[in-house]
Amino acid sequence: MSANTSETIEQLKHAPETTGVEDLIRRRWSPRIFSDQEVSSEELTRLFEAARWAASSSNEQPWRFIVGRRGDETYKKIFDSLVEFNQMWVKTAPVLMVSIAKKTFTSNGSPNRYAMHDVGAASATLALQATADGLHIHSMGGFDQEQVRASFAIPSDYEIGAAIALGYFGNPDDLHERMRKNEVAPRERKPLEALVFSEWEKPAKL
Ligand SMILES: Cc1cc2nc3c(=O)[nH]c(=O)nc-3n(C[C@H](O)[C@H](O)[C@H](O)COP(=O)(O)O)c2cc1C
């Protein structure tokens, strides 16, 4: 695939300019093919720095991340926990992570019902920093949570979030046909009326 094709697909994947939304947000999307380019430790550090600055209930910062690079034991353990479909495409990703939420407040041990909400916020912040740096992440729910818990000895007061692949966009021609179609299709979203209400399921007049 030429650099041209890669650029064309990138453009196709961006949310429409007509939304008026910030360029960085429009450019985030989740690829299923990554290039050979490694992610430097400076880049990795910057992504987790970005995640660290997300908002959280009582500033608990309940997010934890386990991160592995291709070839290391951490990567292998995360990879092994993925369902077959995800293993098929994720093998090109140079970095694999798992997000984790601390379910209790550190100050008093009471339940933190916002823990996973805040892990989501940190992950979204990380995703936007990745986009700004020319990288992409792809989150995955298709993995065996208990396998991850056991293989990393994660305590019971922590909840496993998502597995996350990270890297630079690769060549979609290398993908299995079933996935390639999706990789070159425009992204879709529900209309605002289905999401933003003034009364339950009554679209808000914005
Ligand atoms: C929590 C979560 C779980 C996901 N699980 C999977 C998965 O197991 N496998 C997969 O290929 N994509 C998975 N995705 C990716 C979504 O399908 C993708 O984000 C969605 O189609 C929107 O596309 P976009 O991220 O390019 O905007 C997941 C995304 C999230 C946020």
Side-chain angles (χ1 to χ4, degrees), residues 6-19 21-35 47 50-51 54 62-68 75 77-101 103 114-149 154 158-172 174-192 194-195:
S6 176
E7 185 50 34
T8 308
I9 291 167
E10 270 285 353
Q11 292 298 331
L12 177 82
K13 286 293 184 178
H14 296 172
E17 212 166 324
T18 48
T19 56
V21 166
E22 277 296 321
D23 195 49
L24 185 61
I25 296 166
R26 293 197 302 108
R27 288 192 288 113
R28 184 217 57 82
W29 66 282
S30 308
R32 288 198 179 86
I33 188 92
F34 295 91
S35 81
L47 296 184
W63 43 77
R64 303 289 184 271
F65 294 94
I66 293 180
V67 57
Y75 186 103
K77 286 201 265 190
I78 299 171
F79 183 88
D80 287 347
S81 76
L82 297 171
V83 297
E84 202 183 329
F85 172 82
N86 286 334
Q87 283 187 346
M88 266 169 70
W89 62 263
V90 98
K91 55 181 182 280
T92 60
V95 176
L96 282 180
M97 315 177 219
V98 176
S99 65
I100 295 151
K103 293 193 295 181
Y114 304 103
M116 198 53 82
H117 171 281
D118 295 348
V119 171
S123 302
T125 308
L126 185 153
L128 290 177
Q129 182 66 49
T131 307
D133 296 345
L135 286 153
H136 289 279
I137 70 161
H138 193 133
S139 298
M140 293 166 280
F143 68 103
D144 185 333
Q145 296 203 0
E146 286 319 306
Q147 190 175 332
V148 165
R149 185 181 295 286
I154 298 168
Y158 288 78
E159 188 175 347
I160 321 284
I164 304 169
L166 167 73
Y168 294 91
F169 182 43
N171 179 356
D174 295 343
L175 270 170
H176 187 280
E177 179 59 20
R178 177 169 147 219
M179 288 184 229
R180 210 176 62 79
K181 272 202 188 123
N182 192 281
E183 203 73 352
V184 299
R187 290 157 64 226
E188 289 177 358
R189 287 300 188 263
K190 292 172 184 163
L192 277 187
L195 306 170

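As the structure lists them, so they are numbered: ligands from 1, and atoms in each ligand from 1. When reading the values below, keep in mind they use all heavy atoms of this one structure, side chains included, and skip hydrogens, waters and symmetry mates.
- At a 4.0 Å heavy-atom cut-off, ligand 1 touches Arg189 through the side chain alone.
- Taking all heavy atoms of Glu183, His138, Met140 into account, the minimum distance to atom 15 (C) of ligand 1 is reached by His138.
- Taking a cut-off of under 4.0 Å to the non-hydrogen atoms of Arg187, the atoms of ligand 1 that pass are 24 (P), 26 (O), 27 (O).
- When only non-hydrogen protein atoms are considered, atom 5 (N) of ligand 1 lies nearest to Gly141 N, 2.8 Å.
- Using the six-membered ring where Trp is involved, Tyr75 and Phe79 have ring planes that are parallel, under 30° apart on the 30 and 60° scheme.
- Interface of Phe85 with ligand 1, defined as ligand atoms under 4.0 Å from a residue heavy atom, comprises 11 (O).
- Under the 4.0 angstrom criterion for non-hydrogen atoms, Arg28 is in contact with ligand 1.
- Of the possible polar contacts, one joining the Arg187 side chain to the Lys13 backbone as a donor-acceptor pair under 3.5 Å is found.
- Heavy atoms from other residues, nucleotides or ligands lying under 6.0 Å from OH of Tyr114 number 12 at most.
- Under 4.0 Å is where a charged nitrogen must lie from a carboxylate oxygen, and between Arg180 and Glu177 at least one such pair does.
- The protein heavy-atom contact nearest to atom 30 (C) of ligand 1 is Ser139 CB, 3.6 Å.
- The ligand atoms of ligand 1 that sit less than 4.0 angstrom from a heavy atom of Ser30 are 19 (O), 24 (P), 25 (O), 26 (O).
- For ligand 1, the atoms lying closer than 4.0 Å to a non-hydrogen atom of Trp89 are 11 (O).
- The Gly142 neighbourhood of ligand 1 comprises atoms 8 (O), with distances under 4.0 Å to a heavy atom of that residue.
- In this structure, the side chain of Ser99 engages the main chain of Ala162 through a donor-acceptor pair within 3.5 Å.
- Using a 4.0 Å cut-off between charged nitrogen and carboxylate oxygen, Arg26 and Asp23 count as a salt-bridge pair.
- Close approach of ligand 1 to Trp29 is summarised as follows: ligand atoms under 4.0 Å from at least one heavy atom of the residue are 26 (O).
- Summary of contacts: the protein heavy atom closest to atom 17 (O) of ligand 1 is Arg32 NH2, 4.3 Å.
- Of the protein's heavy atoms, at least one falls inside 4.0 Å of atom 11 (O) of ligand 1.
- At a 4.0 Å heavy-atom cut-off, ligand 1 touches Asn86 through the side chain alone.
- Side-chain contact between Glu183 and Pro31: present, with at least one pair of heavy atoms (C-beta onward) separated by less than 4.5 Å.
- Note: Trp29 and Phe169 have perpendicular aromatic rings, judged against thresholds of 30 and 60 degrees for the angle between ring planes.
- The existence of a salt bridge linking Arg149 and Glu146 is confirmed by a sub-4.0 Å separation between a basic side-chain nitrogen and an acidic carboxylate oxygen.
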